[in-house]
Amino acid sequence: MLDAALRVQLKGYLDRLTQPVGIQASLDESGASREMLELLEDIVSASPRVTLKAAPGGDADIAPSFALHAGGAAPRVRFAGLPLGHEFT
């Protein structure tokens, strides 16, 4: 989903992580969920410090959405929808 230049830039940022970061995705059967999962898998592939837990329905009222958390802590930030505009870059 991400082009090569954006993957390189993302890897540069993620290489600076000093602690693990988790992503929890809440998905449904929509095309938007499939696109979000593809994006999140691209992100996870850029760093061994980033993990992904994806589940149908997940733990959120909104799907598709994903939440970020540090290590084993509870999620603190949730994004609804697919962040491919200025939100991501």
Side-chain angles (χ1 to χ4, degrees):
M1 169 163 276
L2 298 177
D3 65 36
L6 196 50
R7 283 179 195 247
V8 169
Q9 184 179 8
L10 178 63
K11 180 164 178 26
Y13 286 121
L14 295 178
D15 283 346
R16 298 178 187 167
L17 290 174
T18 59
Q19 297 181 7
V21 173
I23 302 172
Q24 288 181 295
S26 297
L27 307 170
D28 57 20
E29 298 298 321
S30 69
S33 280
R34 286 187 293 279
E35 287 182 68
M36 178 180 289
L37 183 58
E38 186 178 341
L39 170 66
L40 297 176
E41 288 171 341
D42 280 354
I43 294 168
V44 169
S45 71
S47 174
R49 293 192 189 270
V50 182
T51 59
L52 173 62
K53 179 181 175 186
D59 62 347
D61 295 333
I62 300 171
S65 66
F66 65 96
L68 304 176
H69 61 89
R76 299 175 119 187
V77 178
R78 180 167 296 278
F79 296 91
L82 191 60
L84 286 179
H86 65 86
E87 301 92 352
F88 188 76
T89 55

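Predicted model only: the values in this text are computed from it and were never measured.
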With Asp28 via side-chain hydrogen bond (donor to acceptor under 3.5 Å, both in side chains) - residues at least two apart: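 Partners of Asp28 under the side-chain hydrogen bond (donor to acceptor under 3.5 Å, both in side chains) test: Ser30, Ser33.
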Set of residues satisfying side-chain hydrogen bond (donor to acceptor under 3.5 Å, both in side chains) with respect to Asp3, sequence neighbours excluded: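 Partners of Asp3 under the side-chain hydrogen bond (donor to acceptor under 3.5 Å, both in side chains) test: none.
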Salt bridge (Lys or Arg N to Asp or Glu O under 4.0 Å) contacts touching residues 66-76 (sequence neighbours left out):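 Every pair satisfying salt bridge (Lys or Arg N to Asp or Glu O under 4.0 Å) with a residue in residues 66-76: there are none.
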Contact list for residues 39-48, test salt bridge (Lys or Arg N to Asp or Glu O under 4.0 Å), sequence neighbours left out: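 Matches after skipping sequence neighbours: Arg7-Asp42.
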With clusters defined by side-chain heavy atoms of hydrophobic residues (ILVMFWY) lying less than 4.5 Å apart, directly or transitively, does [Y] cluster with [X]?
| X | Y | answer |
| --- | --- | --- |
| Leu10 | Leu6 | yes |
| Tyr13 | Ile43 | no |
| Leu40 | Leu17 | yes |

Tell me the closest heavy-atom pair linking [X] and [Y], and the distance in Å.
| X | Y | value |
| --- | --- | --- |
| Thr18 | Arg49 | O-NH1, 3.4 Å |
| Gln24 | Arg78 | O-NH1, 4.3 Å |
| Val50 | Val44 | O-CG1, 3.4 Å |
| Ala46 | Leu14 | CB-CD1, 3.7 Å |

Residue list, side-chain contact (heavy atoms from CB on, under 4.5 Å) with Arg34, at least two apart or on another chain: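 By the side-chain contact (heavy atoms from CB on, under 4.5 Å) rule, Arg34 matches no residue at all.
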Test item: Asp15 and Lys11 side chains (from C-beta on) under 4.5 Å apart, heavy atoms: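 SC-SC contact between Asp15 and Lys11 confirmed.
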Ile23 and Thr51, any side-chain heavy atoms less than 4.5 Å apart: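 Result no, sub-4.5 Å side-chain heavy-atom pair not found.
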Counterpart residues, salt bridge (charged side-chain N to carboxylate O under 4.0 Å, His left out), relative to Lys53 (two or more places apart):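 By the salt bridge (charged side-chain N to carboxylate O under 4.0 Å, His left out) rule, Lys53 matches no residue at all.
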